[in-house]
Amino acid sequence: MSRRVALVSVFILLAGVAVWAAFRYRATRRNQLVQSIAESNLTPNTSIDSWDVAVDKVKAERDASLGGALEIPPELKHYDERYWFLATQVAEIEKHNIHTIQDYLDLAGMIERHELVPVPALTESYILLGIGQRANDEPFEPYQEVDNQNSNVQPAPVSPEAYRSLQNLAKNFNGRSYDLNNPSDRYALKVNMLSSVRPEALKILEQVAAAYHSQFDRTLPVSSLVRPEQYQHSLRRVNRNAVTIHAPPHSTGLAFDIDYRYMSVAEQNFVMRELARLKTEGKIEVIRERSANFHVFAFINGVRPPDDLITASLEKAGAPPKEEEAHHTASTERGKPVPVKHPKAKVRTKRVSKKRRR
């Protein structure tokens, strides 16, 4: 009996070691890939060692006694109308007929046409941290949204140009080539493609990062840039803030996230004041998410869409039709919805709805 117990114990121990070894191998391999990706996306005068040092500095422990109390400006809080924040971004998409990127094939074409620009993994003022965490090494396939009401829906045909754009990008992107038949190369290419954004958003990112770096001598951590709808839907499984409406803001290439997890109170307050100022100037829409991110959406011409267009976009932003009608009625009674830059703009200060989206 004791011998049997000993054998079972040995078997359990060996199984545990095997699972640990497999997990460690995957983690090590993924870290190596991340290092490789970061290195391929660095500027010519920047080394991978510099990126490691910058990451350590971002994550370095701050003095908790400095900074005072956290002061969230009204501009970064929720509106009284819970769908207004997302509807503002949808209105901008509608106003300029902005294309929302469906999948990696679509993204490759946008990058090839220079509609999106690659963002370096590290500059003097910002660092990409956590981009493409849900990327995989599977072959590139067109995205087809699942229709639960119609199981006979066939995938939309993909033009040969879409595959050609991907192949052209794989030959030379960020100074290196990628073998589309190699899983590791596919993963690296996907993460590098996700490290892209529209020029209008990059301009805002660089502006905020420069101010932050000048004040604190640290690089601003950016955790998300463009996210095709294909990627957005996979991210939704682990991130409740990843919206799945028809036109997700990140799928336009105009949105990016700033990670505030490691920032001191003083750093957060400074960044929020910068973002609040840009929002007051009508250049961005922004919110402080509870998931440790500032979500920033850049307006194409630096001009906020009009309130009537935002109201008309409420249903597309997920608001039930009756709520849109009620909001319109209330707006008619009290005049147009209070502009964002108005100091008395209504915001949600106590309780954030579980249905909040961006």
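The cationic atom of Lys279 (NZ for Lys, CZ for Arg) does not lie both less than 6.0 Å from the six-membered ring centre of Phe299 and within 45° of the ring axis.
Here the side chain of Tyr260 pairs no donor or acceptor atom with the backbone of Val271 at under 3.5 angstrom. Within the 3.5 Å criterion, the main-chain N or O of Lys283 finds no donor-acceptor partner in the side chain of Glu281. Looking at Arg62, its side chain does come within 3.5 Å of a backbone N or O of Ala60 through a donor-acceptor pair. For the pair Thr252 (side chain) and Pro248 (backbone), a donor-acceptor distance under 3.5 Å is absent. Side chain of Ser214 to main chain of Ala210: no donor-acceptor pair is present (N/O by atom type, distance under 3.5 Å, no hydrogens or angles). Looking at Gln102, its side chain does come within 3.5 Å of a backbone N or O of Thr100 through a donor-acceptor pair. Side-chain atoms of Glu92 come within 3.5 Å of backbone atoms of Ile300 as a donor-acceptor pair (strictly under, hydrogens ignored). One N or O on the side chain of Asn269 and one on the backbone of Ala69 form a donor-acceptor pair closer than 3.5 Å.
Lys59 and Asp259 are not joined by a salt bridge, as no carboxylate oxygen comes within less than 4.0 angstrom of a charged side-chain nitrogen. With respect to the salt-bridge test (charged N to carboxylate O, under 4.0 angstrom), the residues Asp52 and Lys57 do not qualify. Between Arg186 and Asp179 there is no salt bridge, since no side-chain N of the basic residue sits under 4.0 Å from a carboxylate O of the acidic one.
Closest approach of Asp103 to Gln230, counting heavy atoms only: CB-OE1, 3.3 Å. Ala211 and Glu274 get closest at one heavy-atom pair: CB-OE1, 3.8 Å. Across every non-hydrogen atom of Pro142 and Tyr163, the tightest pair is CD-OH, 3.6 Å. Residue Pro120 comes nearest to Tyr126 through the heavy atom pair CD-OH, 3.4 Å, listed as atom of the first residue, atom of the second, then distance. Summarising the geometry of Ser196 relative to Leu225, their closest heavy-atom pair is O-CB, 3.3 Å, with the distance given to 0.1 Å. Of all non-hydrogen atoms in Ser184 and Asn182, the two that sit nearest each other are N-OD1, 2.8 Å.
Looking at heavy atoms from C-beta onward, Leu220 lies out of side-chain contact with His213 at the 4.5 angstrom threshold. The side-chain heavy atoms of Ile111 and Met193, taken from C-beta on, include a pair separated by under 4.5 Å. Ile127 has its side chain out of reach of Val222: every pair of non-hydrogen atoms, C-beta onward, lies at least 4.5 Å apart. Residues His96 and Leu254 are not in side-chain contact: their nearest non-hydrogen atoms beyond the backbone lie 4.5 Å or more apart. Counting only heavy atoms from C-beta outward, the side chains of Asn136 and Tyr187 never approach each other to under 4.5 Å. Within the 4.5 Å cutoff, the side chain of Leu76 has no heavy atoms near those of the Ile287 side chain. Taking 4.5 Å as the limit, some side-chain heavy atom of Ser224 sits within range of a side-chain heavy atom of His250.
Side chain to side chain, Ser165 and Glu112 meet the donor-acceptor criterion of an N or O pair below 3.5 Å. Remark: the Gln89 side chain and the Glu285 side chain contain no N/O donor-acceptor pair separated by less than 3.5 Å. One side chain, Asn293 or Ser223, offers a donor N or O that lies under 3.5 Å from an acceptor on the other. Tyr212 and Glu267 form a side-chain donor-acceptor contact under 3.5 Å, judged by distance and modelled atom types alone. One side chain, Asn192 or Tyr178, offers a donor N or O that lies under 3.5 Å from an acceptor on the other.
Hydrophobic clustering (ILVMFWY, side-chain heavy atoms < 4.5 Å, transitive): Phe294 and Val265 are in one cluster. Under the 4.5 Å side-chain heavy-atom criterion for grouping Ile, Leu, Val, Met, Phe, Trp and Tyr, Ile93 is not connected to Val286 through any hydrophobic cluster. No continuous path of ILVMFWY side-chain contacts below 4.5 Å connects Phe297 to Tyr79, so the two sit in separate hydrophobic clusters. Both Leu169 and Leu180 are assigned to one and the same hydrophobic cluster, defined by single-linkage of ILVMFWY side chains at heavy-atom distances under 4.5 Å. Hydrophobic clustering, with ILVMFWY side chains joined whenever heavy atoms are under 4.5 angstrom apart, keeps Leu129 apart from Val53.
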**Request:** Evaluate the salt bridge (Lys or Arg N to Asp or Glu O under 4.0 Å) criterion for residues Lys190 and Asp137: first the C-alpha distance (whole Å), next the side-chain angles of each, then the deciding distance (0.1 Å), finally the verdict.
**Result:** CA-CA 8 Å; Lys190 287 180 180 180; Asp137 60 8; over 6 Å; no
**Prompt:** Under the side chain to side chain contact (heavy atoms under 4.5 Å, CB included) criterion, do Val296 and Leu275 qualify, and how do the steps go?
**Reply:** CA-CA 8 Å; Val296 185; Leu275 295 173; 3.9 Å; yes
**Request:** Let me see the working for Tyr104 and Leu166 under side chain to side chain contact (heavy atoms under 4.5 Å, CB included), right down to the final yes or no.
**Result:** CA-CA 8 Å; Tyr104 290 104; Leu166 178 64; 5.6 Å; no
**Item:** Full working for side chain to side chain contact (heavy atoms under 4.5 Å, CB included) between Asp257 and Arg227
**Value:** CA-CA 11 Å; Asp257 293 344; Arg227 299 201 300 239; 3.8 Å; yes
**Item:** Trace of the salt bridge (Lys or Arg N to Asp or Glu O under 4.0 Å) decision for Lys316 with Glu94
**Value:** CA-CA 10 Å; Lys316 291 182 179 179; Glu94 295 285 318; 3.1 Å; yes
**Prompt:** Yes or no on salt bridge (Lys or Arg N to Asp or Glu O under 4.0 Å) for Glu161 and Arg164, after CA distance, side-chain angles and deciding distance?
**Reply:** CA-CA 5 Å; Glu161 289 77 11; Arg164 279 199 290 270; 3.1 Å; yes
**Request:** For side chain to side chain contact (heavy atoms under 4.5 Å, CB included), just list the numbers for Leu122 and Leu128, CA-CA rounded to whole Å, side-chain angles, deciding distance to a tenth of an Å, and then say yes or no.
**Result:** CA-CA 6 Å; Leu122 176 66; Leu128 304 188; over 6 Å; no
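Between Phe216 and Phe270, the two ring planes are perpendicular [angle over 60°; tilted spans 30° to 60°].
His295 and Phe85 have their aromatic ring centers within a separation under 6.0 angstrom.
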